Structure formats: structure tokens, C-alpha cells
Amino acid sequence: MKKNILTLCIIEKEGKILLGMKKRGFGAGRWNGFGGKVEESESIEDAARREVFEECGLIVKSLVKKGEIRFEFDDGTPGRIVHIFKADDFDGEIKESDEMRPEWFEADAIPIKEMWAADAYWFPMFLEGKSFEGEFLYDRPTTPDRAAVIVRKDLCERAEPGERSLPKPR
């Protein structure tokens with residue numbers, strides 16, 4: 001089964017993290033970074049920039065790739081490969097979109113219990129400036145009234161950007 005290729009961009013400024021409350025679609029009712037599907041005609045980095053602009057109005061000048069996580073679902077929902085970026089160089093004014101309601105959080109006050117369950121594992125690594133990769137198997141996708149349950153997880157730190165520590169996806 002073909003996996004969706006997605007981006008996720010975490011915006012950081014002066015020790016604060018910008019997250020968005022997902023208002024509709026996949027992951028609605030959860031806080032998350034900004035991102036989405038990579039279109040056929042664009043690079044992963046271009047997709048990350050486009051999604052940030054569409055979801056919160058910021059123009060990202062530079063991206064640093066921090067992680068790559070594969071998500072699978074026991075209920076048959078197609079898997080996802082998510083490329084996770086950090087952005088701390090951007091222009092524009094933050095605005096709410098029909099998909100996301102942006103809000104700044106102090107790094108020590110991230111609403112982790114209102115995020116995807118896997119975020120509790122990789123987000124601390126992100127905040128520490130580490131690069132990482134992993135794979136998470138959920139029972140089913142998160143909905144506004146029920147968080148997905150992690151069935152299996154495998155997460156590790158990468159010593160160097162681009163270095164693979166886990167086997168390549170099957």
C-alpha cells in the first residue's frame with residue numbers, strides 16, 4: 001500500500017513554539033505543527049513552506065530537517081511518512097486559517113496531552129535540538145473525541161542529519 005508523504009514544521013521564536021489547533025480533517029481536535037501532503041510537482045521542503053503559509057500565514061525562509069517518522073495504522077488507514085522540520089527564520093503575520101488556529105506556547109508548557117500520542121516521545125527530542133527517526137503503529141487515527149493508541153513504537157536519535165538508524169521501510 002502506498003504511503004502518503006507529509007511534512008510537519010515546528011515554528012520556534014525566542015524559546016516559544018507555535019502550534020496550531022487542527023480544526024478539520026485528519027487529526028482534528030489536536031495541537032500540531034503545520035504541514036501536510038507533498039504534491040507531485042514539489043519538493044518536500046517546498047511543501048513544508050507552502051503548508052506553513054496556507055495554515056498560519058508565515059513565510060518560512062529556512063528549514064532544518066530534524067526528523068522522519070513513519071506512521072502505520074492497524075485499522076487499514078494508509079500509512080504516512082512525515083518529514084519534520086524546524087523553522088526559526090520567517091516573515092509575515094500569523095493568522096488563523098480554516099484549518100488551523102495558531103497559538104504560541106512556552107517550551108515547558110507544550111500541550112502534549114492534546115497532541116498525537118507519538119508526540120510525547122519525539123517532541124522532547126525536538127526541543128533538545130536532536131535529530132531523530134522512528135516508526136509508530138497506531139490502532140487507528142485520532143479523532144476529536146478519541147486519541148489513537150500506540151500499539152508499537154521504535155524511535156531513535158540520529159547522530160548526523162540524513163544518517164539512517166532504522167531499517168528502510170518495507
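All values derive from a computational prediction rather than experimental measurement.
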Pro141 to Asp75 - nearest heavy-atom pair and separation: CD-OD2, 3.3 Å
Look at the rings of Tyr138 and Phe71 and say which category their plane angle falls in: under 30° parallel, 30 to 60° tilted, over 60° perpendicular. parallel
Passes side-chain contact (heavy atoms from CB on, under 4.5 Å), Arg158 versus Glu68? Steps please. CA-CA 10 Å; Arg158 284 195 313 222; Glu68 185 176 314; 4.3 Å; yes
Presence of salt bridge, Glu103 and Arg101, under 4.0 angstrom: yes
Flag yes if Met100 and Ile59 sit in one hydrophobic cluster, no otherwise; membership is Ile, Leu, Val, Met, Phe, Trp, Tyr, and two members link when side-chain heavy atoms are under 4.5 Å apart. no
What one should report as the nearest heavy-atom pair of Glu51 and Gly35 is OE1-O, 3.3 Å
Let me check something: do Trp31 and Tyr121 share a hydrophobic cluster, defined by ILVMFWY side-chain heavy atoms less than 4.5 Å apart, either directly or through other members? yes
Measure the spacing between CG of Asp139 and CD1 of Ile150 and express it to the nearest 0.5 Å. 10.0 Å
Under the side chain to side chain donor-acceptor pair (under 3.5 Å) rule, collect the residues that match up with Arg140, sequence neighbours excluded. none
Is the Phe126 ring parallel, tilted or perpendicular to the Phe123 ring (thresholds 30°, 60°)? tilted
Residue set satisfying side-chain contact (heavy atoms from CB on, under 4.5 Å) with Ser62, at least two apart, ordered chain then number -> Asp89
Where Lys66 and Gly129 come nearest, the two heavy atoms and their spacing: NZ-O, 2.8 Å
How far apart are the C-alpha atoms of Leu19 and Ile110, what are their side-chain angles, what is the distance that settles it, and do they pass the side-chain contact (heavy atoms from CB on, under 4.5 Å) test? CA-CA 9 Å; Leu19 298 174; Ile110 301 296; 4.1 Å; yes
Min side-chain heavy-atom separation Val151-Asp74 under 4.5 Å: yes
Verify ring-ring contact (aromatic ring centres under 6.0 Å, His included) between Trp122 and Phe136, making sure each step is shown before the conclusion. CA-CA 11 Å; Trp122 68 262; Phe136 289 85; 8.8 Å; no
Taking only residues two or more places apart in sequence or in another chain, which ones pass side chain to side chain donor-acceptor pair (under 3.5 Å) with Asp108? none
Kindly compute the distance separating CG (Asp88) from NZ (Lys61), expressed to the nearest 0.5 Å. 11.0 Å
Return the NE2 to OG distance between His83 and Ser43, rounded to the nearest 0.5 Å. 10.5 Å
Salt-bridge test for Glu42 and Arg50: reply yes if a basic N is under 4.0 Å from a carboxylate O, no otherwise. yes
Nearest heavy-atom contact between Ala87 and Cys9 is CB-SG, 3.6 Å
Chi angles and distances behind the side-chain contact (heavy atoms from CB on, under 4.5 Å) call for Glu133, Cys156: CA-CA 6 Å; Glu133 66 181 303; Cys156 61; 4.0 Å; yes
So for atom NZ, which belongs to Lys23, do other residues, nucleotides or ligands contribute more than 12 heavy atoms lying within a distance under 6.0 Å? yes
Below 4.5 Å, heavy atoms only, C-beta onward: do Asp46 and Val38 meet side chain to side chain? no
Compare every heavy atom of Ser131 with every heavy atom of Lys65, then report the nearest pair and how far apart it is. O-OG, 4.3 Å
Just wondering, do Lys16 and Glu106 contact through their side chains at under 4.5 Å, heavy atoms? yes
Using only atom types and a distance under 3.5 Å, with no angle test, would you say the side chain of Glu157 pairs donor to acceptor with the backbone of Lys130? no
Out of curiosity, does Leu8 fall in the hydrophobic cluster containing Phe105 (side-chain heavy atoms, cut-off under 4.5 Å, transitive links)? yes
Would you say Leu137 and Trp116 are hydrophobically clustered, going by side-chain heavy atoms of ILVMFWY under 4.5 Å? no
Quick test of your reading of the model: are Glu135 and Arg152 salt-bridged, counting only N-O distances below 4.0 Å? yes
Rounded to the nearest 0.5 angstrom, the NZ-CG distance for Lys37 and Asn4 is 5.0 Å
Quick one: list whatever passes side-chain contact (heavy atoms from CB on, under 4.5 Å) with Ala48, sequence neighbours left out. Thr7, Leu63, Phe85
Would you say the side chain of Val60 lies within less than 4.5 Å of the side chain of Asp91, judging by non-hydrogen atoms? no
CZ (Phe53) with more than 12 external heavy atoms under 6.0 Å: no
With a 4.5 Å cut-off on side-chain heavy-atom distances among I, L, V, M, F, W and Y, is there a chain of contacts connecting Met115 to Met21? yes
Spatial distance of atom CD (Glu114) from atom CG (Asp119) [nearest 0.5 Å]: 12.0 Å
Report the distance from atom CD of Glu12 to atom CD1 of Ile10, rounding to the nearest 0.5 Å. 10.0 Å
So does Glu128 have more than 12 non-hydrogen atoms from other groups sitting under 6.0 Å from CD? yes
Cluster partners of Val149, using ILVMFWY side-chain heavy atoms under 4.5 angstrom, listed by chain and number? none
Run the side-chain contact (heavy atoms from CB on, under 4.5 Å) test on Phe90 and Val52 for me, step by step, so that the C-alpha distance in whole Å, both residues' side-chain angles and the decisive distance to 0.1 Å come before the verdict. CA-CA 10 Å; Phe90 51 86; Val52 169; over 6 Å; no
Can you list everything that forms a side-chain contact (heavy atoms from CB on, under 4.5 Å) with Arg24? Sequence neighbours excluded, please. Asp98, Glu99
Which atom names give the shortest non-hydrogen contact between Phe34 and Pro102, and what distance separates them? CZ-CB, 4.1 Å
